[in-house]
Amino acid sequence: QNDLNVSSKTPVSGDIVRVTAVIRNTGTTLIQNVPVKVFVESSADQAVQLISTRLVSAIQVGEAVTVIVDFDTSGKEDAYNISVKIDPDGSIEESSRSDNQASTQITITPFKPDMAIAAGDVTFSPANPKTGDVIRVSVIVKNIGTAPATNVPVKLYLENSIGSSQVGVMQVISTLPANGTSTVTVDFNAAGREGNSTLVAKIDPDNTIVEFQKDNNSASLPITILLQKPDLAIGSSDLNVSSQSLKSGVSARITLTVKNIGNSDAANVPVSCYAVSSTNVTSLIGSQTVPLIASNGSAVVVFDFDTTGKN
């Protein structure tokens with residue numbers, strides 16, 4: 001049977017903890033004017049504080065009396081030992097004093113916000129950004145503390161071998177309640193930022209908010225920004241001739257497929273076709289300009305080769 005109980009073992013600083021102690025007379029005679037004292041001891045500095053003294057007028061044989069004391073935890077943090085002592089000065093003659101005290105421990109949590117982000121809370125789109133894109137970064141901010149937070153600033157940085165620079169506009173969360181979550185988005189232009197970098201999201205980077213802890217206020221994510229350029233390509237299989245064996249004076253039709261395997265469209269693409277004889281004499285068959293070859297697209301160019309005078 002537990003004769004000492006508290007309303008909360010893990011109160012938040014500022015809470016009132018109710019201490020309930022049951023005082024029993026297990027002896028054989030009536031006892032009167034029984035002093036009951038309640039103490040708290042800090043585990044941080046072992047300082048002992050008397051928080052209440054109560055005087056029980058009488059306890060009959062076999063009777064139990066309940067004593068209730070409220071402990072204000074305002075301004076207190078850390079672990080505390082609460083002890084209740086019956087007649088600590090020994091003013092009452094008893095058959096045994098070994099059962100005259102009991103204790104229990106509580107841990108007081110600070111009344112503070114605690115902003116937190118983890119690696120999985122930072123995402124970006126598009127998944128494979130290019131230098132011509134506007135990249136949107138989403139950051140999930142959590143308050144795992146016991147108090148609300150207001151005007152919470154969130155900044156985004158891009159870090160690489162050159163250094164670190166803020167990207168996008170700082171976002172401010174007006175109110176984030178305890179155990180609450182908020183998502184902010186930051187947009188930035190990827191122009192001139194090609195290569196491998198690290199996105200770093202930081203909550204309150206200038207330390208304007210008093211928190212339970214600060215070492216969970218940032219998270220990072222690698223990002224590779226591709227240089228946006230076309231990449232024109234042709235291979236032997238992309239060149240077709242209407243006939244491989246021709247008589248002089250007979251025209252041949254040459255069909256050429258030009259591919260753009262890059263991540264950007266190509267405009268006004270010049271394409272020329274040449275004939276090279278067995279004696280390494282080069283002659284121009286023709287030239288054309290393709291207005292547009294889309295990224296991952298292709299264009300077909302046709303040339304007519306006049307073989308007159310050629311062997």
Side-chain angles (χ1 to χ4, degrees), residues 119-140 156-169 171 183-201 220-246 250-277 280-307 310:
D121 297 326
V122 182
T123 58
F124 62 84
S125 63
N128 298 297
K130 305 180 292 293
T131 50
D133 291 337
V134 172
I135 300 174
R136 169 157 290 186
V137 182
S138 297
V139 182
I140 300 174
L156 184 68
Y157 298 84
L158 195 67
E159 298 181 353
N160 49 40
S161 58
I162 299 174
S164 176
S165 60
Q166 183 183 343
V167 291
V169 178
Q171 302 297 304
T183 299
V184 300
T185 57
V186 179
D187 294 337
F188 73 95
N189 196 313
R193 303 182 187 277
E194 65 272 7
N196 298 321
S197 299
T198 301
L199 283 171
V200 182
S220 60
L221 182 68
I223 183 172
T224 298
I225 300 174
L226 303 174
L227 185 61
Q228 190 171 28
K229 283 186 176 181
D231 186 359
L232 302 172
I234 53 173
S236 57
S237 61
D238 299 316
L239 180 63
N240 292 285
V241 182
S242 58
S243 176
Q244 296 292 322
S245 179
L246 297 171
V250 177
S251 294
R253 173 150 289 189
I254 300 169
T255 303
L256 176 64
T257 301
V258 182
K259 299 173 182 175
N260 180 2
I261 59 175
N263 55 27
S264 178
D265 296 346
N268 300 318
V269 179
V271 181
S272 296
C273 184
Y274 298 87
V276 180
S277 71
N280 290 324
V281 175
T282 301
S283 58
L284 177 65
I285 296 174
S287 294
Q288 295 185 35
T289 298
V290 181
L292 180 70
I293 306 178
S295 173
N296 295 313
S298 62
V300 176
V301 183
V302 177
F303 298 95
D304 287 324
F305 179 30
D306 184 0
T307 63
K310 297 180 173 62

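Residue numbers start at 1 and run along the sequence shown.
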Counterpart residues, side-chain hydrogen bond (donor to acceptor under 3.5 Å, both in side chains), relative to Asn189 (two or more places apart): none

Close side-chain approach of [X] to [Y], heavy-atom, < 4.5 Å:
| X | Y | result |
| --- | --- | --- |
| Phe305 | Val241 | no |
| Leu239 | Ile234 | no |
| Val167 | Arg193 | yes |
| Val186 | Gln171 | yes |

Salt bridge (charged side-chain N to carboxylate O under 4.0 Å, His left out): pairs with one or both residues in residues 288-304, sequence neighbours excluded: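 Listed by first then second residue: Arg253-Asp304.
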
Pairs where residues 280-296 contributes a residue and the test salt bridge (charged side-chain N to carboxylate O under 4.0 Å, His left out) is met, not counting sequence neighbours: none

Heavy-atom pair of closest approach, residues Pro230 and Asn260: CA-OD1, 3.6 Å

Which residues satisfy the salt bridge (charged side-chain N to carboxylate O under 4.0 Å, His left out) test with [X], sequence neighbours excluded?
| X | value |
| --- | --- |
| Asp306 | none |
| Asp231 | none |
| Asp238 | Lys259 |

Which residues share a side-chain contact (heavy atoms from CB on, under 4.5 Å) with Ser236, sequence neighbours left out: none

Rounded to the nearest 0.5 Å, what separation is found between the [atom1] atom of [X] and the [atom2] atom of [Y]?
| X | Y | atom1 | atom2 | result |
| --- | --- | --- | --- | --- |
| Thr255 | Asn240 | OG1 | CG | 6.5 Å |
| Leu158 | Leu199 | CG | CG | 5.5 Å |
| Asn196 | Thr224 | CG | OG1 | 4.0 Å |

Donor-acceptor list for residues 120-137 side chains, cut-off 3.5 Å, not counting sequence neighbours:
{"unit_1": "Asp121", "atom_1": "OD2", "unit_2": "Ala118", "atom_2": "N", "d": "2.8"}
{"unit_1": "Thr131", "atom_1": "OG1", "unit_2": "Gln228", "atom_2": "N", "d": "2.9"}
{"unit_1": "Asp133", "atom_1": "OD2", "unit_2": "Lys130", "atom_2": "N", "d": "2.8"}
{"unit_1": "Arg136", "atom_1": "NE", "unit_2": "Asp187", "atom_2": "OD1", "d": "2.7"}
{"unit_1": "Arg136", "atom_1": "NE", "unit_2": "Asp187", "atom_2": "OD2", "d": "3.4"}
{"unit_1": "Arg136", "atom_1": "NH2", "unit_2": "Asp187", "atom_2": "OD2", "d": "2.7"}

Check: Ser164 main-chain N/O paired with Asn160 side-chain donor or acceptor under 3.5 Å: no

Please report, to 0.1 Å, the donor-acceptor pairs under 3.5 Å made by any side chain of residues 280-300, with sequence neighbours excluded.
{"unit_1": "Ser287", "atom_1": "OG", "unit_2": "Ser272", "atom_2": "OG", "d": "2.7"}
{"unit_1": "Gln288", "atom_1": "NE2", "unit_2": "Val302", "atom_2": "O", "d": "2.5"}
{"unit_1": "Ser295", "atom_1": "OG", "unit_2": "Gly262", "atom_2": "O", "d": "2.7"}

Intermediate values then yes/no, side chain to side chain contact (heavy atoms under 4.5 Å, CB included), Leu156 and Phe188: CA-CA 10 Å; Leu156 184 68; Phe188 73 95; 4.2 Å; yes

